[in-house]
Amino acid sequence: MTVKSLIYGHRGVPVKFPENSLAGFAYAISQGIDGLEFDVHLTKDQVPVIMHDETIDRTTNGQGEIAAYRYQELRQFRLTNGEPVPALAELLQLVSGEPVRLNLEFKTDRHYYQGIERIVLRLVHQTDLVYPVVFSSFNLRSLERGYRIDANQKYAFLSAARIGDPEGFCAAEHLEGLHLEHYQAMRHVSERVWTVDDPDAMRQLFDHQVSAVITNNFELAQDVRAEV
């Protein structure tokens with residue numbers, strides 16, 4: 001049976017819009033993207049916000065760590081398109097009722113935000129989503145905490161390394177999938193590969209029928225998938 005690999009926009013559509021911007025997410029949804037991948041941190045007053053880095057230096061006109069700012073203080077800074085740093089609640093409102101999947105990464109591998117799993121899961125539960133969210137992290141402890149809070153969600157471990165016995169590892173850690181920087185042959189485990197922008201690499205992954213390809217250029221990936 002042929003399985004159609006899904007295409008996730010890595011931080012939205014970085015080739016056209018600032019990464020992790022509402023404008024990028026909205027454009028991707030309007031163009032029929034399968035899923036959106038994005039990163040979540042907590043502000044000083046524990047508001048979940050969407051940004052890749054622990055600091056705002058690279059992607060806004062401000063400086064400093066996200067955890068050092070209260071939400072309203074953080075909102076004074078702007079992405080390159082003039083948008084403020086988006087709150088998770090804003091993205092959830094945008095996707096509510098839309099046929100788009102979400103891959104939410106707990107950005108807790110360098111800075112752990114106390115209580116982030118419970119806060120994020122509560123927001124997700126309050127949203128009318130068409131598909132279950134896939135929660136991923138490089139921090140296995142974050143995924144364990146999420147599972148203890150809600151065992152019915154999908155949890156996936158992020159890794160750049162090869163995983164020995166992926167099926168056994170996922171079963172032991174209550175994981176639905178693995179999000180890898182490479183392809184690994186595996187069965188009964190969802191495999192989403194990041195970050196794939198080369199057409200030839202995309203073709204190989206679509207041929208392997210991985211669960212999803214995570215890319216900066218989802219429109220290119222859509223064209224390649226259509227050819228395959």
Any [X] side-chain heavy atom under 4.5 Å of [Y] side chain:
X    : Y    : value
L91  : L94  : yes
V40  : F106 : no
D150 : F135 : no

- [ ] For the residue pair F25 and F38, categorise the inter-ring angle as parallel (less than 30°), tilted (30 to 60°) or perpendicular (more than 60°).
- [x]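 Because their plane-to-plane angle is over 60°, the rings of F25 and F38 count as perpendicular.
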- [ ] Specify whether H174 and Y147 have parallel, tilted or perpendicular ring planes, treating 30° as the upper limit for parallel and 60° as the lower limit for perpendicular.
- [x]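 Ring orientation of H174 relative to Y147: parallel.
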- [ ] Could I get the full list of side chain to side chain contact (heavy atoms under 4.5 Å, CB included) partners for L140, not counting sequence neighbours?
- [x]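 L140 satisfies side chain to side chain contact (heavy atoms under 4.5 Å, CB included) with L143, E144, F157, F169, E173, L175 only.
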Task: Counterpart residues, side chain to side chain contact (heavy atoms under 4.5 Å, CB included), relative to E90 (two or more places apart) - done: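 With sequence neighbours excluded, E90 shows a side chain to side chain contact (heavy atoms under 4.5 Å, CB included) to L22, Y71, R75, P86, A87, given in chain and number order.
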When you look at [atom1] of [X], are more than 12 heavy atoms from neighbouring residues, nucleotides or ligands closer to it than 6.0 Å?
X    : atom1 : answer
Q93  : CD    : no
E73  : CD    : yes
Q114 : CD    : no

- [ ] For this output row, return yes or no: ring centroids of Y69 and F77 closer than 6.0 angstrom.
- [x]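 Ring centres of F77 and Y69 closer than 6.0 Å.
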TODO: Could you tell me the separation between the CG atom of L42 and the CD atom of E117, rounded to the nearest 0.5 Å?
DONE: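 Rounded to the nearest 0.5 Å, the CG-CD separation comes to 8.5 Å.
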Task: Gap separating the CG atom of N103 from the NE2 atom of H10, nearest 0.5 angstrom - done: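 It is 9.0 Å, given to the nearest 0.5 Å.
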Task: salt bridge (Lys or Arg N to Asp or Glu O under 4.0 Å): pairs with one or both residues in residues 187-202, sequence neighbours excluded - done: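 Non-adjacent pairs meeting salt bridge (Lys or Arg N to Asp or Glu O under 4.0 Å): E176-R192, D200-R203.
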Open item on the list: Looking at E19 and R58, is any side-chain nitrogen of the basic one under 4.0 Å from a carboxylate oxygen of the acidic one?
Closed with: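 Answer for the salt bridge query: yes.
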TODO: Taking only Lys NZ, Arg NE, NH1 and NH2, and the carboxylate oxygens of Asp or Glu, determine whether D34 and R225 approach each other closer than 4.0 Å.
DONE: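 Yes, D34 and R225 are salt-bridged.
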